[in-house]
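Note that these values count all heavy atoms, side chains included, but never hydrogens, waters or copies made by symmetry. One is the number of the first residue; the rest follow in order along the sequence.
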Amino acid sequence: MGHEEASKAHCCETMRHHVAWDCDVHVDPYACPDALVHFMPRYQEYGLLIHDGGSSYVELLFCPWCGARLPESQRDRWFDAMEERGIDPWGDEIPDIFRDDRWLRDRATTSQDPAGNRRRPPNPMGGDQEADKSLTRPSSGDDISG
């Protein structure tokens, strides 16, 4: 369990238990039949693990134990932030702040260009490129390591 998962306030104790699941036998949660839930801090996504030999999960919108609505995925915003900074998440080094949820707190009020200059966040309604971006985004479970 990473530090970001330990400090995350999940919706209920049962969700906290499953997100923090630590198996004595399996290092990889996708290999452990008792691991049920994956939480990806950088996207704020919860997922039900698919135990088929891969690393996929189905995004959860509600907690299966307490019924609480889970946070909206920030996957698209994460990829937008990478693009704004000229970072290719498939080939470039991903800055540490973007490896967990710290980028969300930093980005809440301002944004930075690749040179580190502060600027206002872009207009979310701007441009024809918004519609085309979703066609190239990876789906839940795609691993963007860096």
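- Taken from NE2 in His18 to CG in Leu48, the straight-line distance is 10.5 Å, to the nearest 0.5 Å.
- Summarising the geometry, atom CD belonging to Glu93 is positioned 12.0 Å from atom CG belonging to Asp88; distances are rounded to the nearest 0.5 Å.
- For residues 60-73, every residue pair satisfying the side chain to side chain donor-acceptor pair (under 3.5 Å) rule, not counting sequence neighbours, is listed here: Glu45-Ser73.
- Residues Pro41 and Arg102 fail the side-chain proximity criterion, which asks for heavy atoms closer than 4.5 Å.
- A donor-acceptor pair under 3.5 Å links the side-chain atoms of Arg16 to the main chain of His10, judged by distance alone.
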Does the side chain to side chain contact (heavy atoms under 4.5 Å, CB included) test come out yes or no for Phe39 and Tyr57, once each step is laid out? CA-CA 10 Å; Phe39 175 67; Tyr57 61 86; over 6 Å; no

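- Considering CG of Asp100 and CE of Met40, their distance stands at 12.0 Å, rounded to 0.5 Å.
- Here Leu36 contributes atom CG and Thr14 contributes atom OG1; the two are 11.5 Å apart, rounded to the nearest 0.5 Å.
- Between the CD1 atom in Ile97 and the CZ atom in Arg42 there is a gap of 13.0 Å [rounded to 0.5 Å].
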In sequence, state the C-alpha distance, the side-chain angles, and the governing distance for Met82 and Asp92, and then conclude on side chain to side chain contact (heavy atoms under 4.5 Å, CB included). CA-CA 10 Å; Met82 294 290 99; Asp92 296 340; over 6 Å; no

Report the C-alpha distance between Cys11 and Leu70 in whole Å, list the side-chain angles of each, state the deciding distance to 0.1 Å, and finish with yes or no for side chain to side chain contact (heavy atoms under 4.5 Å, CB included). CA-CA 8 Å; Cys11 57; Leu70 298 172; 3.9 Å; yes

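- Of the possible polar contacts, none joining the Arg77 side chain to the Leu104 backbone as a donor-acceptor pair under 3.5 Å is found.
- Nearest heavy-atom pair across Val37 and Val19 is CG1-CG2, 3.9 Å.
- Side-chain contact between Phe79 and Pro89 is present, with at least one heavy-atom pair separated by less than 4.5 Å.
- The distance from the CD1 atom of Ile50 to the OG atom of Ser55 is 11.0 Å, given to the nearest 0.5 Å.
- Checked by atom type and distance alone, the side chain of His51 pairs as donor or acceptor with a backbone atom of Tyr30 at under 3.5 Å.
- For the side chain to side chain contact (heavy atoms under 4.5 Å, CB included) criterion with Tyr46, the lone passing option out of Pro71, Pro64, Cys63 is Pro71.
- A donor-acceptor contact shorter than 3.5 Å links the side chain of Trp78 to the backbone of Phe98.
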